[in-house]
Every structure is written in structure tokens, then in C-alpha cells.
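One structure is given here, and the rest of the page talks about it.
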Amino acid sequence: MCGISGIVSQQAISGDLFESIRNLEYRGYDSCGVAIVNRHGLVVRKDIGTVEEVNRRVPLTEIEGSVGIAHTRWATHGAVTQANAHPHTSCAADFAVVHNGIIGNYRYLREELVSEGHEFRSSTDTEVIVHLIEKYHRSMGSLERAFVKALGRLEGSYAVAMVSLHEPDRIYCARFESPLLIGTRADATYLGSDVNAFLGFTRSVIALEDGQYAILLPGQVCVKDIATRQMQAKTVLDVDWNVESAQKGGHPHFMIKEIHEQPQTVIQAGEVDTAAIDGLADMMARHRRTYLVGVGTTFYVAQMAQYYFSSLARTFIPVISSDEFRSLAQVDADTLVIAISQSGETYDTLDAIRFAKERGARTAAVCNTMGASLTRLVDHAIIQGSGPEICVVSTKAALGQIVVLLRVAAALGRLSGATDRAETVMRDLRALPDAIQQLLDERTGDIAALAKRHCHIRHWLFLGRGIYYPVALESALKMKEVTYLHAEGMPAGFLKHGTLSLIDEGFFTVILAPSKEEGALYTATMGNAEEVKARGGYLIGSLADENGELFDEQIRLPKAPPLLAPLLHLVALQLFAYFTAVALQRNVDRPRSLAKSVTVG
Ligand code: AGP
């Protein structure tokens with residue numbers, strides 16, 4: 001969702017503020033803007049387009065001043081227009097506000113403010129915030145009290161930042177169910193929806209909690225509780241990401257860079273503290289019921305992990321999409337809920353965890369982002385250590401999560417006596433980085449050529465059995481997200497129960513085939529491939545064993561043990577989606593209508 005940034009310094013900030021929202025652009029990119037306080041007043045520049053485009057039209061980098069806020073938008077309320085871009089200003093242009101989240105009662109508030117004479121310029125929910133602050137400042141005099149009073153009127157979720165001519169040396173900010181981080185340094189203070197906003201300036205981070213607000217001055221941060229206005233203790237975290245890891249490093253897109261980082265991702269997930277892995281397995285063993293939750297890619301990650309738990313720990317773990325958790329889950333004090341999330345800020349996943357906590361359940365998370373809301377909400381957080389993932393579509397973070405959960409499944413298996421299986425898979429896992437590297441080195445060219453040849457095909461089917469089924473689902477999602485083509489994933493055995501009627505020469509099918517050593521799973525999958533072939537469908541096999549008779553074309557993979565081979569298919573089909581998108585000249589890192597972390601419900 002939208003990206004918020006802010007800087008309070010003793011030096012000119014417009015260049016750094018520009019860099020900051022450029023680094024946040026993957027959170028939303030339909031429009032952007034900045035508000036900087038200087039000796040001439042409050043300078044607001046905003047427009048539709050990317051940060052670069054807007055800067056060319058209305059220079060953002062040439063504004064005098066050392067205190068400012070900025071925003072890059074992903075529209076929820078109100079179309080993509082210059083007027084709806086943030087920051088929004090008060091009637092007297094003495095306050096400017098940026099916001100992320102959704103104000104549920106904005107229509108009511110807007111009517112109230114309009115009836116009192118406030119003039120609105122946008123159709124956003126955000127604009128009510130700045131008029132409320134203006135209203136209360138007029139009646140109360142104190143800016144801090146007006147800010148807090150305005151927050152008290154809001155229903156919904158918000159991360160909000162404000163600058164004002166009345167106290168031009170500071171930023172006020174607050175959060176409720178929407179992320180906001182503060183970066184600290186001796187001579188300046190930074191604000192961001194995530195650390196990428198200020199990774200180039202500092203790695204010391206204070207994570208604002210729900211219900212807190214903060215006042216930022218150069219090198220000073222004061223955190224208070226919104227309800228009581230009492231000072232709150234601050235914990236400063238050191239984030240171990242670096243600026244280079246959030247840059248493209250010579251690759252044309254973040255997506256391909258992140259795909260190529262995956263041998264390292266597996267190593268990093270393998271290095272996650274064993275005590276944290278065993279701790280989670282132990283929690284699972286002590287609870288009557290465990291749920292895995294995630295949404296989008298992380299739902300599919302949870303489904304892949306489900307197969308690992310079945311196979312290694314002989315335990316069936318229900319998986320629920322985070323957005324359906326409230327409707328389906330049976331939660332009590334003897335329940336453990338494990339959430340999976342790259343960002344740790346996804347509204348639906350946080351909501352599932354909140355629901356679980358309200359019912360007395362214990363909670364845990366596998367997350368890529370240190371200090372994220374999710375990690376602070378749960379009883380046990382495992383930070384997967386995959387480094388920043390900038391491309392909107394998830395690749396390496398998903399793989400890191402799968403490896404972490406594979407380790408948890410092996411640990412749970414050990415607790416239930418399946419020591420040999422656990423040890424075998426852990427030994428095999430050591431060879432996975434090399435197998436992925438081999439795939440990347442030897443197959444990227446073929447996969448790129450295949451993608452280029454077939455990029456005109458509008459309909460894609462991805463089929464797999466067993467653990468290859470969720471890999472097929474994830475592969476179809478990758479294809480949809482980044483190419484805008486129609487793609488469906490499904491269990492291969494499901495095909496003849498309806499979907500087979502779609503198959504014709506315009507509908508291409510990718511079969512994720514296990515190796516011959518998997519016996520029945522292999523045979524059954526090949527049977528499904530035959531069904532497609534018999535209806536004149538074009539068949540692409542993703543497979544380790546040569547089978548030129550059945551398949552029209554093949555993506556040949558290195559051999560790997562049964563539980564790890566599906567991960568090679570995952571990587572190969574990430575490449576396939578990527579190169580198809582490149583051939584179609586799509587906006588690979590920022591596909592239309594998508595945002596990196598979906599912080600609204
Ligand atoms: C992944 O490619 C998608 N962009 C999306 O499905 C994502 O996985 C989902 O929104 C969950 O995000 P999270 O991992 O940050 O919680």
C-alpha cells in the first residue's frame with residue numbers, strides 16, 4: 001500500500017526525501033508528492049505518475065527546507081488524480097498530511113467538516129484528517145492536542161504524518177493498524193512505512209506501536225500514547241539489511257535479481273537459529289491444533305509446508321487463507337496459529353492473528369521483516385533473513401519461508417521419533433543451493449527463449465499433484481501478477497472433473513512432473529498429461545526426466561530428492577513468468593494495480 005516518508009534535519013532535505021519515496025515506490029506508484037516547511041511557508045508539490053515522472057514535471061528535489069513529509073500512493077478512496085495525490089492541506093494551507101490506511105467514517109466526518117465551512121479539494125478519505133487537525137487547532141490552540149484529538153475521531157486504520165507552519169521544526173506522526181517506522185541518527189530523524197525509506201541514512205529503527213504517536217525533531221524522538229498522552233519507552237532495533245541489498249546490482253529488474261539470489265536465500269533460511277525452529281516445533285507439539293495462515297503467495301507457501309508436515313511429521317496441519325480465517329477457524333486456548341508473511345504488515349494476516357489472540361490462542365510467525373507489526377504481535381517470531389524483497393511479486397521471500405517451514409516440519413518429525421527422515425531431508429537441503437544455482441546457470445537461456453516463443457498465448461494452466469499442486473498454484477499466480485495473462489493452477493487430478501473442457505490449441509498447459517523415482521505420483525501425473533494431449537492441448541513439461549514423446553516442449557531441471565525437487569520447479573516457473581513479462585514489456589517490478597504490502601482489508 002502507500003508509502004510514507006518524512007525527514008527532520010538541520011540540512012536541506014528535498015534530495016533525500018525524493019530518494020526516500022523512490023525507494024518506497026514499490027508500495028504504490030500511481031501518484032506522489034511532498035510537503036516541505038521552509039521560510040516561505042508550506043511548499044506542496046504533487047502529481048500523478050511515478051516519482052521520477054512527477055519530479056520532471058514539478059521538481060521535488062529543488063525545494064528549500066529541512067523538515068518535510070512525502071508520499072507515494074496506491075489509490076483506495078478516490079481516483080488517480082493530482083487532487084487526490086498526497087499530501088493534503090488544510091483550508092488555510094498551514095497543515096499538510098500524508099496517510100496510509102482507510103478511514104472508515106470519513107463520509108460522516110467530511111459532512112460534519114463541510115457543514116462547518118471546511119473546503120475539500122479531493123475525494124480521498126485522508127483529507128478529513130487535515131481538516132480535523134485544523135478545526136481542533138483553531139479551537140484548542142495547542143498543535144499536539146489538536147493532532148491527538150483529530151486521531152481520536154478516526155475509525156479505521158492509519159499511519160499518518162503531519163507538518164505544520166505552526167511548529168515548523170517537527171513532524172507529528174501516529175499509527176493504528178498500519179505500519180510506521182522511525183529511523184534515528186544524531187543529526188536527523190526519519191520516518192517511513194518501512195525501512196527502505198531510510199536505509200541509506202540509518203539502520204537504527206524505532207517501530208511505532210498501534211495507538212502511539214511521535215514527535216520528531218532532528219536527532220530526537222518523543223513517543224507517546226494516543227489515549228493518555230503519556231510518554232512511552234522506545235526500543236531501538238538495529239536492522240541488518242543494507243542499501244546494496246535493496247538495489248538492482250546490475251540486473252534489469254528487481255524480480256530477476258531476487259530470483260538469482262535464491263541459492264543464498266536457502267543458505268540464509270538454513271542459518272536461522274535452530275533454537276527458534278525447535279521452539280516453534282515444540283509449540284506445535286504442545287497444542288491440540290495448529291493452523292497455518294497466509295494470503296496470496298504465503299497461502300501457497302503454507303500449502304507447500306502442509307505437505308512437509310504430513311510427510312516429515314505425519315501431522316495434518318490445516319491451512320486457511322488469512323482473509324477467510326475468521327469464517328473458518330475454530331480457535332481456543334489450545335490452538336496455535338502460525339502466520340506467514342514477507343512484509344509482516346498484511347492486513348488480512350494481522351487480522352487473523354488478532355482474531356486468534358482474542359480467543360486466547362498462541363501465535364507465531366515466519367516473517368522477512370524485522371520489527372514488522374506481525375513480529376511484535378505474535379508470541380514466537382522467526383525472522384527468515386532473506387533480505388529486502390523489492391519487486392512487488394514475491395520470489396525469494398517465499399522460498400525462504402518454505403525452507404524455514406521445512407526445517408520446522410523436520411524438527412516436529414524428530415519430536416515424534418521420525419529422526420531418520422528428518423536427518424535425510426536436512427542433509428539433502430545442503431545441496432539445494434547448488435541445484436538452484438545449476439538451474440539458474442544452465443536453464444535461464446532456454447526458459448527465456450521458451451517464454452519469448454509463447455508470450456502471445458493468452459491462457460495458461462499449471463498442473464501438479466502432491467506438493468507440486470501448491471507449486472502449480474503459486475506458478476499460476478506469478479504468471480498472472482507479472483504478465484496480466486490468464487493463468488490457473490490446479491491439482492492435476494482435478495482436471496477431468498470439469499476444466500478439461502477448456503483445453504484446445506489456444507490453451508497451453510504446464511505440467512509439473514515429479515521424477516520417475518516417485519512411482520505412483522509420476523505415473524498419475526503423466527496420466528493427466530495424456531488427457532491434455534488427447535484433447536489437442538499444447539503441453540510443456542517442467543521435469544527432470546527427459547520425455548520428448550509426451551511433451552511438446554520441456555523445461556529440464558536438475559535432479560533433486562523428492563521433497564526438494566518441487567522447489568526447483570518453483571524457481572524455473574518464476575523465471576518463466578519473468579521472461580514472459582519481459583517479452584510482453586510489462587512493468588515487471590511494479591505490475592499494474594498491485595502493491596507490495598496490502599495493509600488494508
Ligand atoms: C506475491 O507475489 C503477491 N504480491 C502477494 O500475493 C503477497 O504474497 C501477499 O499479499 C502477502 O504478502 P505478505 O507476504 O507481505 O504478507
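Read the numbers this way: they start at 1 and go in the same order the structure lists the ligands and their atoms.
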Q401 N/O to ligand 1 N/O under 3.5 Å:
no
With a 4.5 Å limit on heavy-atom distance, are the side chains of I457 and L485 in contact?
no
Side chain or backbone, does T349 bring an N or O within less than 3.5 Å of an N or O on ligand 1?
no
Would D332 and R359 pass as an ion pair if we require N to O under 4.0 Å?
no
Determine whether the side chain, the backbone, both or neither of E345 has a heavy atom under 4.0 Å from any heavy atom of ligand 1.
neither
Any atoms of ligand 1 less than 4.0 Å from a non-hydrogen atom of T297? List them with their elements.
1 (C), 2 (O), 6 (O), 8 (O)
Test item: side-chain donor near acceptor, K478 and T483, under 3.5 Å:
no
Element-labelled atoms of ligand 1 that are located less than 4.0 Å from some non-hydrogen atom of V393
2 (O)
How about H454 and F508: are their ring centroids closer than 6.0 Å?
yes
Do the rings of F576 and W460 sit parallel, tilted or perpendicular, given the 30° and 60° boundaries?
perpendicular
Mark up the atoms of ligand 1 that fall under 4.0 Å of a heavy atom belonging to S394, in ascending order.
1 (C), 2 (O)
Consider every N or O of I340 and every N or O of ligand 1, then say whether any pair is closer than 3.5 Å.
no
